[in-house]
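For reference, the structure is listed below as structure tokens.
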Amino acid sequence: MKPVRVRFAPSPTGPMHIGGVRTALFNWLFARHHQGQFILRIEDTDQKRYVEGALELITEGLRWLGLDWDEGPEVGGPYGPYIQSERLERYQQWANWLVEQGKAYRCYCTEERLTRVREIAEKSGRRLQGYDRHCRNLSEEERQRLHDETGGEYVIRFKMPLEGQTVIHDLLRGDITFDNQELNDLVLLKSDGFPTYHLANVVDDHSMEISHIMRAEEWIPTAPIHKQLYMAFGWEMPQIAHLPVLLNPNGKGKMSKRSARFSEDGRAVPVLLNEFREAGYLPEAIDNFLATVGWSFGDDREIFTLAEAIEAFELGRVNPAGSAFPIHKLDWMNGTYIRDMEPLRLAQLIKPFLEDAGFEVNIEQLVGIVPHIQERIKTLKEAIEWTQFLWVEEFVLTDPEALIQKKMDAEGTLQALRGAYDVLVNLVDFAYESQEAAIRQYAEDNGLKASQVFNILRVATTAQQVSPPLFQSMAVLGREESLSRIQKAIDSLEKSNQPSQ
RNA sequence: GCCCCAUUCGUCUAGUGGCCUAGGACGUAGCCCUCUCAAGGCUAAAACACGAGUUCGAACCUCGUAUGGGGCACCA
């Protein structure tokens with residue numbers, strides 16, 4: 001059996017799309033499972049869409065996810081170069097070879113004519129949309145005339161067989177049959193000398209000895225053309241599987257940056273890999289999650305490592321149907337990874353998020369609070385709201401009314417605050433256990449429910465109704481700062497309690 | 001308009017002719033735990049798109065219909 005060689009072939013048009021990431025993951029898992037090679041190839045054949053720095057975004061993203069490549073940019077390999085713009089002569093040679101063989105032809109049609117033809121075809125409801133094969137059978141005189149008229153600018157189009165059928169054997173879907181008369185004479189080589197995807201992917205997959213093509217479902221309609229190209233070249237076509245697409249979370253349409261990127265609860269859903277990263281998702285969670293959409297482990301396992309996925313990965317288990325992007329499941333899964341993480345490591349990962357939010361982070365305090373927010377956050381970014389009470393430069397309690405708990409009044413609240421202050425200020429040590437024992441005792445002695453006093457103190461020290469566990473929070477905050485905040489709460493309550501004059 | 005693909009709980013999925021009174025997970029609801037919020041534990045509601053075949057037997061095979069998705073560029 002031929003060695004397994006698969007490729008991931010993104011275009012450098014910006015950050016990776018999460019759908020592309022999953023395609024990369026499936027290819028990578030397949031390669032690793034079969035001890036084959038995973039090749040990264042950059043398809044930068046559209047100069048108009050080229051984005052500066054996009055290549056770095058792609059390689060960085062793949063590395064972040066732990067998807068290493070055996071051949072490709074930065075690592076090289078025996079089949080290079082792996083960037084298509086550096087392989088131009090090959091495509092030109094092969095395109096010209098097809099012309100010489102009578103299997104392709106030069107087309108001199110202008111963009112205006114093409115647009116017009118397309119419009120007419122659309123309006124007339126013609127069976128075959130697109131190009132009308134105007135230049136397919138030009139006489140030499142006509143060709144020469146057009147050549148002169150257009151200043152020698154032309155594209156090379158593939159001469160698609162006009163009859164018969166082309167069958168694609170898809171590893172996931174079985175045989176897919178197309179009538180050749182439904183298929184267009186696609187452009188192989190553009191007028192700027194760059195190849196189109198159709199030519200480049202065939203030439204490269206063949207010359208790089210790719211054994212299996214796993215690409216997105218939207219390529220199915222052009223697969224027969226690619227097959228015909230392989231036949232025209234006399235090359236064996238790699239095995240092929242079309243992977244299902246990722247749909248928007250509401251199931252409406254292909255997941256994309258531009259279309260509805262909102263889930264049913266109205267939240268914005270990330271689409272690009274860097275958006276997931278910035279939102280505070282972990283690479284191991286993204287890997288695990290993506291592997292469960294369109295593929296399943298086999299037993300009922302949902303949480304598994306990349307190594308386990310390699311072991312279990314089978315193309316046959318890939319579900320060919322497109323799937324709505326289950327963003328809520330990602331949240332849950334990311335949460336499980338956060339909970340299982342070493343607190344110290346988690347703290348390191350959270351730190352940059354806090355700094356980006358403009359906070360100056362005390363690392364000791366961060367390490368102290370992390371174990372208490374760990375089971376409360378689903379993304380790293382959520383650590384901001386849970387810990388901001390620690391980092392604010394000047395603590396202000398904007399709404400002293402919030403101190404007053406249910407079934408209590410301002411006077412009672414004030415008394416409780418003063419009482420709690422006295423208890424805490426006299427504590428020998430400020431460990432959370434000591435605080436809790438003392439405050440519980442105080443509540444009991446004064447006929448208050450412990451939770452009432454706790455919540456008053458929570459608001460007083462964090463200015464939030466919801467916080468990490470109170471005494472742990474105060475312990476991390478420190479005795480001095482905690483007491484100072486409680487004093488401030490007392491002051492503000494006294495002030496607002498005075499009858500206005 | 002034409003071509004192509006797909007169709008199991010709200011969502012992601014298990015299921016490859018009898019093991020299915022259809023399993024798991026997320027989400028949802030209830031209860032327990034509890035200093036808020038979580039996490040955790042328990043419980044519940046929730047699906048084979050429809051119609052014809054094939055077969056002793058169909059979620060699984062075939063054909064139609066419906067619905068959803070993809071494609072019809074000198075973009076990939």
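Just so you know, these numbers come straight off a predicted model, no measurement behind them. In what follows, every chain begins at residue 1, and chains take the letters A, B, ... in the order their sequences are listed.
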Listed nucleotide nearest any side-chain atom of [X], set [options]:
X	options	answer
A:Asp300	B:A76, B:G23, B:C5	B:G23
A:Asn184	B:C72, B:G71, B:C4	B:C72
A:Ser323	B:U13, B:C3, B:G1	B:U13
A:Ile220	B:A25, B:C4, B:G1	B:C4
A:Arg49	B:U7, B:C75, B:C74	B:C75
A:Lys254	B:A6, B:A14, B:G71	B:G71

(request) Check side-chain hydrogen bond (donor to acceptor under 3.5 Å, both in side chains) between A:Gln464 and all other residues, then give those that pass, not counting sequence neighbours. (result)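 Once residues adjacent in sequence are excluded, the partners of A:Gln464 under the side-chain hydrogen bond (donor to acceptor under 3.5 Å, both in side chains) criterion are A:Gln388.
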(message) I need a per-nucleotide contact map over nucleotides 29-44 of chain B, read 5' to 3'. Cutoff is protein heavy atoms under 4.0 Å; write B for the base, S for backbone only, - otherwise.
(response) ------BBBBSS----
Is a salt bridge present between [X] and [Y], judged by a nitrogen-to-oxygen distance below 4.0 Å?
X	Y	answer
A:Lys123	A:Glu119	no
A:Arg87	A:Glu89	no
A:Asp44	A:Arg49	no
A:Arg113	A:Asp132	yes

How is [X] classified with respect to the nucleic acid when contacts are heavy atoms under 4.0 Å: base, sugar-phosphate, or nothing?
X	value
A:Gly316	nothing
A:Glu43	sugar-phosphate
A:Thr45	sugar-phosphate
A:Arg215	nothing

(request) Output yes when at least one side-chain N/O atom of A:Lys48 is less than 4.0 Å from OP1 or OP2 of B:C75, else no. (result)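 Yes, A:Lys48 has a side-chain N/O under 4.0 Å of OP1/OP2 on B:C75.
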(message) With a cut-off of less than 4.0 Å, is there a side-chain N or O of A:Arg317 near OP1 or OP2 of B:G15?
(response)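 So the side-chain polar atoms of A:Arg317 do come within 4.0 Å of the phosphate oxygens OP1 or OP2 of B:G15, strictly under.
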(request) Answer yes or no: side-chain N or O of A:Glu217 and base N or O of B:G69 forming a donor-acceptor pair under 3.5 Å. (result)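 No such pair is found, so the answer is no.
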(request) Kindly indicate whether the side chain of A:Ser191 and the base of B:C74 share any N or O donor-acceptor pair separated by less than 3.5 Å? (result)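 Result: at least one qualifying N/O pair found.
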(request) Please check if the side chain of A:Gln228 supplies one atom and the backbone of A:Pro224 the other of a donor-acceptor pair under 3.5 Å. (result)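 It does not hold such a pair.
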(request) Sequence neighbours left out, what passes ring-ring contact (aromatic ring centres under 6.0 Å, His included) with A:Trp69? Give chain and number order. (result)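 None.
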